[in-house]
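Below, chains carry the letters A, B, ... as their sequence lines are ordered, and counting in each starts from 1.
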Amino acid sequence: MADQLLTVQNLFCERDDRILFSRLGFAIAPGEIVQIEGQNGSGKTTLLRILSGLSRNYEGDIFWRGEPVGEVREEFCRNLLYFGHQAGVKAVLSPQENLRWYAALSPAIDAEAIDHALEQVGLRGYEDVPCHSLSAGQNRRVSLARLYLSRAPLWILDEPFTAIDKKGVAAKENLLLKHAQQGGSVILTTHHELGIRGPVRKINLDQCAGTSV
Amino acid sequence: MAEKKWMPRWFYQLASPRWCYQITGKLLPWFALVAGLSLIGGTLWALMFAPADYQQGNSFRIIYLHVPAAILAQSAYMLMAVAGAIALIWKMKVADMVLKSAAPIGASMAVLALATGAIWGKPTWGSWWVWDARLTSMLILFFLYLGVMALNSAIENESTAAQASAVLSLVGVVNIPIIKYSVEWWNTLHQPATFKLTEKPAMPAEMWVPLLVMVVGFYCLFAVSLMMRLRNEIVWRERRTGWVRELLSKQ
Amino acid sequence: MTMQTNSVESQRQSLSGLFWATCRREYLLSFRRKSDLVNPLIFFLMVATLFPLGVSPEPGFLSQLAPGVVWVAALLATLLSMDALFRSDYEDGSLEQLLLSPQPLFVVVLAKVLAHWSVTGLALTLMAPLLGVMLFLPADGMPGLMLSLLLGTPTLSLVGAIGAALTVGLRKGGVLISLLVLPLYIPVLIFGSSAVQAAVTGLPLGGYLALLGALLALALGLAPLAISAALRISMSS
């Protein structure tokens with residue numbers, strides 16, 4: 001178990017009298033890309049929030065490198081990059097200011113590389129523009145720039161490609177692949193057909209759903 | 001789990017809603033019996049046999065409701081805070097439920113204490129409300145209860161609601177002594193030498209023994225209503241488990 | 001050994017770095033959204049205006065009322081501004097990132113509350129003499145008013161932040177915060193307005209200020225813990 005990055009055992013979660021999943025178990029090894037699938041409302045986002053440690057309304061065990069995640073919370077957070085439904089971008093701050101705050105928040109993020117990362121996501125020339133004058137897709141890109149900055153091995157990405165154009169999606173897919181090839185792991189949900197030229201494991205939540213009560 | 005062994009066994013049994021449901025079921029009739037006996041006995045004693053107060057005459061007899069209610073209102077808040085701490089530290093579901101069940105009972109005790117205080121105030125001070133230190137503290141305690149109840153009902157997710165209320169009741173319990181002290185101090189500043197409601201020099205035994213009986217009765221009444229609410233809550237929260245379904249199908 | 005001290009040193013550096021980065025961000029945010037900055041101050045002014053209109057414009061009467069009115073107005077203005085403390089972070093997802101940071105949460109929380117206090121509580125303190133003049137507070141009371149507000153408003157911000165953290169996940173947090181927090185504000189109100197009254201009558205202030213200081217110390221020690229716990233709970237649903 002210790003050579004797995006993340007191990008999930010016997011996970012159970014219910015919401016509003018409905019069992020989202022029960023007896024869910026899987027392990028994620030370094031270098032794996034895992035896509036969580038399921039219909040709307042099947043609990044994809046809930047699962048990612050549980051895995052990241054945001055939500056604690058679950059029963060079951062989660063291990064980080066063989067240790068119960070609750071006991072190694074700080075180390076786990078150091079190794080995690082979470083990309084949630086909301087981009088986490090402040091509208092009145094510029095992309096650069098937004099990313100600087102993330103760099104201060106997480107030591108795994110490289111503060112010097114901010115400009116380079118913004119260039120990578122195609123925001124060169126927008127570094128000092130307040131984010132409210134950027135488009136929705138550009139705002140997502142500001143947040144996605146964190147992927148270029150991060151040195152964390154585990155990425156948990158909730159719908160990372162929403163509002164991103166085709167070319168941008170291809171670039172991000174390459175980035176995910178590169179991350180996996182370097183030994184990192186990715187857990188993601190997406191409505192896009194993934195075009196990653198590499199193995200992608202799929203976990204379907206519809207099969208783990210309990211009957212509604 | 002090895003590090004948790006230092007707590008006695010019953011503590012972990014208490015954590016099981018099922019065990020808790022069964023044990024409260026067994027305790028309930030006994031507490032109800034004691035509550036009934038001491039409340040009836042205490043009331044008769046207080047109204048018929050205890051002597052009248054030399055200053056206030058018969059109107060002082062409301063003390064036999066006012067004081068137990070006030071004591072219970074405070075004890076219930078302490079109980080809530082303790083349950084809240086247990087719920088947060090040991091993640092114990094039953095403690096959640098105790099907290100949630102105790103809040104409305106405590107609040108109604110506070111209302112009873114305020115109402116009897118007002119009724120008592122009319123003959124003593126000539127007005128329904130006086131900004132007496134104890135009454136004011138009780139009013140603020142009532143507000144604290146309302147806050148916990150409002151927060152609990154505003155959050156939809158049951159376990160989130162319980163944890164949030166636990167934090168709030170802990171914050172409240174840290175504040176209660178400060179509030180009490182500040183209100184008393186404010187009161188002496190603004191109204192020196194008012195006639196205090198309950199601070200009487202040495203009450204004779206014929207007066208305080210029935211009071212003690214009433215206090216015991218109120219505690220038991222509190223325990224009874226707490227257990228009843230708790231059992232309700234347990235059945236509701238555990239409605240999907242096998243044992244509750246079995247229980248319901250039997251009825 | 002040197003390596004260990006180095007890592008401790010660098011950790012301390014990154015903590016203070018985080019503290020100041022958070023303060024900087026909060027200031028940038030509030031100075032770019034000026035309405036957040038000005039609204040509580042306008043509210044403060046308006047509440048104080050209501051009293052002469054609603055009660056009596058008679059100077060002798062107002063001067064008696066002034067300590068309490070200014071304090072109640074400051075308390076309500078602080079309360080009004082509290083709801084926004086975590087809400088925008090919650091809505092745009094920054095709060096999630098904050099909770100997932102490996103850095104201790106209370107550092108960020110403390111920085112946020114400090115920044116928030118300096119644009120509300122501190123600003124209210126600086127504005128208070130204006131209200132004092134409007135309400136005929138004797139000049140002797142002014143230093144007492146400002147000192148008591150200076151020591152009391154940070155406590156209000158810290159305690160209010162607990163309420164804000166508990167209600168951040170709810171759509172309508174505003175009224176609920178007041179319900180949760182107002183009873184907890186009572187000691188600060190009592191000691192604060194008594195300090196002003198003492199100053200007006202020429203009595204020594206030290207005791208009141210010491211009590212306000214003690215409340216502040218207690219709040220500084222315990223509130224960040226409660227705020228952090230409350231934020232984690234609120235985000236968990």
Side-chain angles (χ1 to χ4, degrees), chain A residues 13 15-16 45-46 48-58 70 72-94 96-109 111 130-132 139-140 142-143 146 150 152 154-156 158-159, chain C residues 7 9-37 84 86-109 111-112 115 168-169 228-237:
Chain A
C13 177
R15 171 163 280 189
D16 303 331
T45 296
T46 309
L48 293 194
R49 286 173 60 84
I50 288 173
L51 292 181
S52 68
L54 279 173
S55 172
R56 290 173 199 187
N57 293 331
Y58 67 91
V72 287
R73 177 67 58 200
E74 198 191 322
E75 196 207 319
F76 175 72
C77 287
R78 210 178 287 284
N79 286 297
L80 169 72
L81 184 142
Y82 175 78
F83 181 93
H85 245 226
Q86 282 101 5
V89 173
K90 284 272 172 218
V92 293
L93 298 184
S94 72
Q96 207 174 32
E97 286 161 342
N98 266 305
L99 289 177
R100 267 207 211 117
W101 149 257
Y102 282 115
L105 210 55
S106 160
I109 287 183
C131 287
H132 57 72
N139 267 306
R140 301 287 290 183
V142 174
S143 191
R146 290 189 289 134
S150 164
L154 178 63
W155 291 359
I156 296 182
D158 193 359
E159 297 290 345
Chain C
S7 80
E9 188 60 32
S10 76
Q11 205 171 13
R12 197 175 303 148
Q13 241 169 25
S14 78
L15 277 192
S16 67
L18 175 65
F19 187 85
W20 294 118
T22 308
C23 284
R24 207 184 101 84
R25 172 174 179 265
E26 293 299 309
Y27 285 129
L28 274 177
L29 286 173
S30 46
F31 283 100
R32 289 196 189 156
R33 283 182 312 211
K34 296 220 174 42
S35 66
D36 284 12
L37 210 63
F86 297 114
R87 189 160 297 275
S88 76
D89 282 345
Y90 174 76
E91 279 163 1
D92 67 22
S94 324
L95 195 56
E96 287 178 346
Q97 299 298 332
L98 207 106
L99 295 185
L100 292 177
S101 156
Q103 309 270 28
L105 187 54
F106 74 88
V107 176
V108 184
V109 162
K112 274 185 79 82
V168 70
S228 310
L231 281 177
R232 288 196 192 283
I233 290 166
S234 289
M235 286 304 290
S236 155
S237 61

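Considering all non-hydrogen atoms of both residues, A:Tyr82 and C:Gln97 come closest at O-NE2, 2.8 Å. Residues A:Lys90 and C:Asp92 come closest through the heavy atom pair NZ-OD2, 2.9 Å. Minimum heavy-atom separation, C:Ser101 to A:Leu105: OG-O, 2.7 Å. Between C:Leu18 and A:Ala104 the shortest heavy-atom distance is CD1-O, 3.4 Å.
Using a 4.5 Å cut-off between heavy atoms, A:Tyr102 contacts chain C through its side chain alone, with no backbone atom that close. For chain C, no part of A:Arg73 is nearby; none of its heavy atoms comes within less than 4.5 Å. Residue A:Val89 touches chain C through its backbone alone, counting heavy-atom pairs closer than 4.5 Å. Proximity to chain A (any heavy atom under 4.5 Å) is shown, for C:Ile233, by neither the backbone nor the side chain. Within the 4.5 angstrom heavy-atom criterion, only side-chain atoms of A:Leu80, from C-beta onward, approach chain C. Using a 4.5 Å cut-off between heavy atoms, C:Val107 makes no contact with chain A at all.
For chain C, the option among A:Pro130, A:Ser52, A:Ser143 with the highest count of heavy-atom pairs below 4.5 Å is A:Ser52. For the set C:Thr22, C:Leu95, C:Val108, C:Leu98, the entry with the most heavy-atom pairs within less than 4.5 Å of chain A is C:Thr22.
Around the CZ atom of C:Arg87, the shell of radius 6.0 Å holds more than 12 heavy atoms that belong to other residues, nucleotides or ligands. Within 6.0 Å of atom CZ in C:Phe106, 12 or fewer heavy atoms from other residues, nucleotides or ligands are found, so the atom counts as exposed in its surroundings.
With contacts defined as side-chain heavy-atom distances shorter than 4.5 Å, the pair A:Arg56/C:Arg232 qualifies.
Note: A:Trp101 CH2 to C:Leu29 CG = 9.5 Å, rounded to the nearest 0.5 Å.
When atom types are taken as modelled, the side chain of A:Arg49 and the backbone of C:Met235 share a donor-acceptor pair closer than 3.5 angstrom.
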